Every structure is written in structure tokens, then in C-alpha cells.
There are 2 protein chains.
Amino acid sequence: MAKVLKTKDKILNAAERLFAEQGFEHTSLRQITGIADVNLASVNYHFGSKKALIQAVMERYHSAFMPELDIRLVELEAKGVTSTEQVLNCFIEPLLSLQRINPNGTSIYLSLLGHAYSEIQGHLRRFTMQNFGHVVQRFLACVQQANPHLTLSTLFWRLHFTLGATVFVQVSGQALSEIAEADFGEQASAQDMIAKLIPFLAAGIAAPV
Amino acid sequence: MAKVLKTKDKILNAAERLFAEQGFEHTSLRQITGIADVNLASVNYHFGSKKALIQAVMERYHSAFMPELDIRLVELEAKGVTSTEQVLNCFIEPLLSLQRINPNGTSIYLSLLGHAYSEIQGHLRRFTMQNFGHVVQRFLACVQQANPHLTLSTLFWRLHFTLGATVFVQVSGQALSEIAEADFGEQASAQDMIAKLIPFLAAGIAAPV
DNA sequence: GTCTATAGTATGATAGAC
DNA sequence: GTCTATCATACTATAGAC
């Protein structure tokens with residue numbers, strides 16, 4: 001039975017795809033409603049404004065991802081953290097579970113995160129930190145437990161390098177995947193990408209200063 | 001003696017700053033000419049179009065950076081590459097020398113690179129590869145010499161993680177620097193940032209698969 | 001809830017006087 | 001080379017009929 005989507009969901013689906021591909025500012029309501037096949041005015045009817053739509057899109061992913069991640073970090077904390085890779089592995093399942101929202105959910109979410117940081121979307125950073133700041137803190141604590149030789153400042157920067165490497169590859173992902181496919185005959189699924197990333201990131205985070 | 005800048009240079013200086021801070025699409029000609037204190041029409045008179053202005057801004061940095069990097073890579077190739085860190089060190093001086101163009105030259109250039117990748121600026125990627133593809137190739141060859149245990153495909157991805165970590169931190173740099181300063185009382189100059197990056201990146205690139 | 005029509009604003013680009 | 005004035009186009013948002 002083919003599910004008939006409500007207007008609100010059609011808008012969300014179209015918006016998350018376009019936001020991930022093009023960024024927030026660079027995606028117009030006309031594009032979104034065009035692809036969603038709904039009327040232009042319906043975005044404002046259902047969400048109030050473009051800014052509110054952006055937050056609704058992020059919210060749907062955040063609220064699926066963050067609690068899942070938190071559960072795994074709490075478990076890990078309880079049994080004791082011994083390696084950086086252990087911490088990063090906590091991300092795998094929560095990230096892959098986003099494919100239940102959308103077949104490209106994983107890479108959409110990471111792209112959205114990238115755009116949220118690099119565009120002038122201060123409100124998004126604040127929004128994230130207010131709602132899920134405690135998960136970020138727990139993550140930081142775990143990494144520090146795995147790397148007692150590193151100062152908090154060094155960790156802070158390395159975790160942002162980590163975020164950067166991850167989201168950049170997603171944001172510029174289409175172009176990169178095309179090159180990779182042409183040069184190495186490789187398909188790069190979200191799962192493959194994560195598998196490639198983790199050894200790189202774990203080694204980088206734990207590197208001697 | 002205070003140098004009086006020509007209109008063309010005033011435009012370039014204002015444009016590179018705004019492009020680095022906000023991205024290309026998100027910066028208007030009115031902003032640029034407002035800050036440069038020149039007439040709106042002068043951009044089109046001197047450069048022809050906004051697209052041509054973008055390329056002129058990139059060109060000024062590319063042509064200062066790429067040949068410098070190439071010289072160092074050629075030297076290194078000649079005496080034989082033994083470590084990843086050696087290769088990355090080749091970037092330091094060329095990057096820092098960009099501060100002769102502009103006191104913030106290093107971080108402006110890296111930000112521009114980030115925006116060039118993540119915005120839909122296909123023409124910029126092509127432009128770069130056409131003019132400086134051989135430098136990129138030489139860099140890849142050096143890294144491979146330092147890491148004979150890695151396949152070309154693995155290297156390809158890790159070098160993009162590297163680029164991502166680097167440009168992301170620059171693009172979202174202002175926000176991060178503010179947080180870092182608040183939390184650790186640290187100033188993060190371009191030179192400091194590079195010093196923090198290199199151990200992270202070298203360990204990540206050379207990590208076991 | 002959904003539509004049309006349009007207000008109000010910002011953009012890149014250009015014609016033409018000086 | 002530099003200016004004013006303006007065109008054509010795109011955008012978000014909203015009022016009001018159905």
C-alpha cells in the first residue's frame with residue numbers, strides 16, 4: 001500500500017534533500033515547493049517561516065540521532081573507555097539508523113551539520129547546544145578518558161578537525177563520489193564512508209602532540 | 001608613505017575578505033563595493049561579472065601559493081620522501097607567505113578553498129585543476145611514497161578528509177576561535193592552527209587501514 | 001488547507017551622462 | 001574611469017478568495 005504523504009511531510013522530505021545538497025540559504029522555498037509538488041504558500045502555513053522550516057528539518061534528525069548516541073556513550077562510560085576507536089564506534093549505528101528516515105539519511109544529516117556550521121546560522125548552533133549540549137559533553141568526556149595524555153584544548157581542536165573531515169566529505173560528497181567512481185570504480189555508500197573515516201579520525205585524535 | 005590603492009585592488013581586498021567570511025553566493029556586489037568604498041558599477045567595469053571577480057580573487061592566492069608548494073615538493077621528491085609529516089611540512093611556508101598579500105591571507109585562502117568546494121562552484125574546481133592539477137598530482141605522489149602500505153583509493157579519501165578538516169576549521173573559524181578563547185583563553189593564529197593540525201593529519205593519513 | 005495574486009525587498013547587470 | 005538611474009529577475013512572506 002503506497003503511503004500518501006501529507007503536505008507537511010512532502011515539504012520536509014524535499015527540504016532536507018535540497019538543504020543537504022545546496023545549503024540552507026541557497027535553497028529557495030520555490031525550489032522546495034516545486035519538488036514537493038505543493039503550493040508555495042503552504043510552507044508558511046505549516047511552518048511559519050523558512051527559518052522555522054530549517055529548524056524542523058534539523059530537529060527531525062537530531063531527535064533521532066542524539067538520544068541513540070547518548071545511550072551508547074552512557075554504556076561505554078559505565079564499562080570504562082580504553083580507546084578512541086571505541087568512542088567513535090558509538091556513532092556508527094545511530095548514524096546508520098537515520099536511513100530509516102530517508103534512504104540517504106546518514107549523509108543528509110552530516111551534510112546538514114556541515115552547512116549549519118559553515119553558513120551564518122548562529123541560531124542553529126545555539127539551538128543544537130541548548131537541546132543536545134549534554135550529549136556533546138558526554139562525548140568529550142569519553143574521548144578524554146581514552147586519551148588522558150591530551151589537554152582539553154588539544155582535544156577541543158582535534159574534535160573539530162574530526163567534525164570538519166566528516167562533514168566536508170559529505171558536503172562535497174557528490175563531486176567526490178563521482179571522481180572516486182571514475183578513478184577507482186568504487187561506490188561510496190554512507191556505511192563505506194564511515195568505515196573509511198574511523199581509522200583516520202581515531203589515529204588523528206590520539207596522535208602524540 | 002601610505003599607498004593609495006587603485007579601485008581594482010580595493011575591490012579585490014574587500015571581496016576576498018567577504019568571500020572568506022560569508023562564501024561567494026552569500027556576498028553581494030553591493031556589500032563589496034560598499035566596503036571598498038567604490039561605485040557599484042565599477043565591479044562590472046573592471047572584472048566583467050561577479051563570477052570573473054570570484055576567479056580573480058582565487059587566482060591571486062593560487063598563483064602565490066601553488067608554485068611555492070610545488071618547489072618544496074620537487075625538492076622533497078628529489079631527496080626522497082620518508083614520512084607523511086615531511087610532506088605536510090611543505091605546506092607551512094607557502095601558506096604563511098600568503099600573509100604578505102593580506103595579514104589574514106592564510107586563513108582567507110583556506111576559507112576560500114572550503115567555500116569553493118562546498119558551494120556549487122563547479123567552475124572553480126575545474127579552474128583549479130586545469131591550472132594547478134600537476135601540483136595536486138605531485139602532492140599525491142609524495143604522500144604515496146611516504147605510505148607505500150596504502151592503496152591509491154585509501155589515500156584519495158584520506159587526503160580529502162585532510163582537506164576537510166583544514167578548511168572546515170577555517171570556515172567556521174571565527175565561531176570556534178571565540179569558543180576556544182572563552183574556554184581556554186587561547187588565541188588561535190593561522191600559524192598555531194597549522195601547528196595543531198599537522199600531527200593530527202599526519203597520524204590520520206598514515207593510520208593502519 | 002489550498003490556492004492566486006501581490007507586496008516588499010534584494011540581487012546582478014547595464015545604459016548613458018560626465 | 002566613475003557616477004546615477006534603472007531594468008529584469010529572484011526571493012520571502014502575506015492577504016484574501018475558495
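Just so it is clear, the structure is predicted and the values come from calculations on it, not from any experiment. Letters A, B, ... are given to chains in the order of the sequence lines, protein chains preceding strands, and every chain is numbered from 1.
The shortest distance between side-chain heavy atoms of A/V171 and A/H115 falls below 4.5 Å. Side-chain contact between B/Y61 and B/E16 is present, with at least one heavy-atom pair separated by less than 4.5 Å.
Between B/N44 atom CG and D/dT6 atom P the separation is 19 Å, expressed in whole Å. Following rounding to the nearest Å, B/R30 (CZ) and D/dT4 (P) show an atom-to-atom distance of 13 Å. Nucleotide D/dC11 holds its P atom 15 Å from the CG atom of A/L53, rounded to whole Å. Rounded to an integer number of Å, the gap from A/K50 NZ to D/dA10 C1' is 12 Å. Remark: P of D/dA13 and CZ of A/F47 are 13 Å apart, rounded to the nearest angstrom. Computed from coordinates, the A/L40 CG to D/dA15 P distance equals 15 Å when rounded to whole Å.
On the nucleic acid side, DNA chain C has its first and last nucleotide under 4.0 Å of a heavy atom of chain A at C/dG1 to C/dT4, going 5' to 3'.
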Enumerate, atom names and distances included, each donor-acceptor pair closer than 3.5 Å involving a side-chain atom of residues 150-159 of chain B, sequence neighbours excluded.
unit_1: B/T151; atom_1: OG1; unit_2: B/T154; atom_2: N; d: 3.1
unit_1: B/T151; atom_1: OG1; unit_2: B/T154; atom_2: OG1; d: 2.9
unit_1: B/S153; atom_1: OG; unit_2: A/E186; atom_2: OE1; d: 3.3
unit_1: B/S153; atom_1: OG; unit_2: A/E186; atom_2: OE2; d: 2.6
unit_1: B/R158; atom_1: NH1; unit_2: B/I205; atom_2: O; d: 2.9
unit_1: B/R158; atom_1: NH1; unit_2: B/A207; atom_2: O; d: 2.6

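B/S28 comes within contact range of the sugar-phosphate backbone alone, with a heavy-atom separation under 4.0 Å but no base atom that close. In this structure, B/T33 reaches neither bases nor backbone, as no heavy-atom distance under 4.0 Å exists between it and the strands shown.
Relative to the ring axis of A/F47, A/K8 places its NZ or CZ within 45° and under 6.0 Å from the centre.
Using modelled atom types, no side-chain atom of B/R17 and backbone atom of B/N13 make a donor-acceptor pair closer than 3.5 Å. The backbone N or O of A/E85 lies less than 3.5 Å from a partner atom in the side chain of A/N89, making a donor-acceptor pair.
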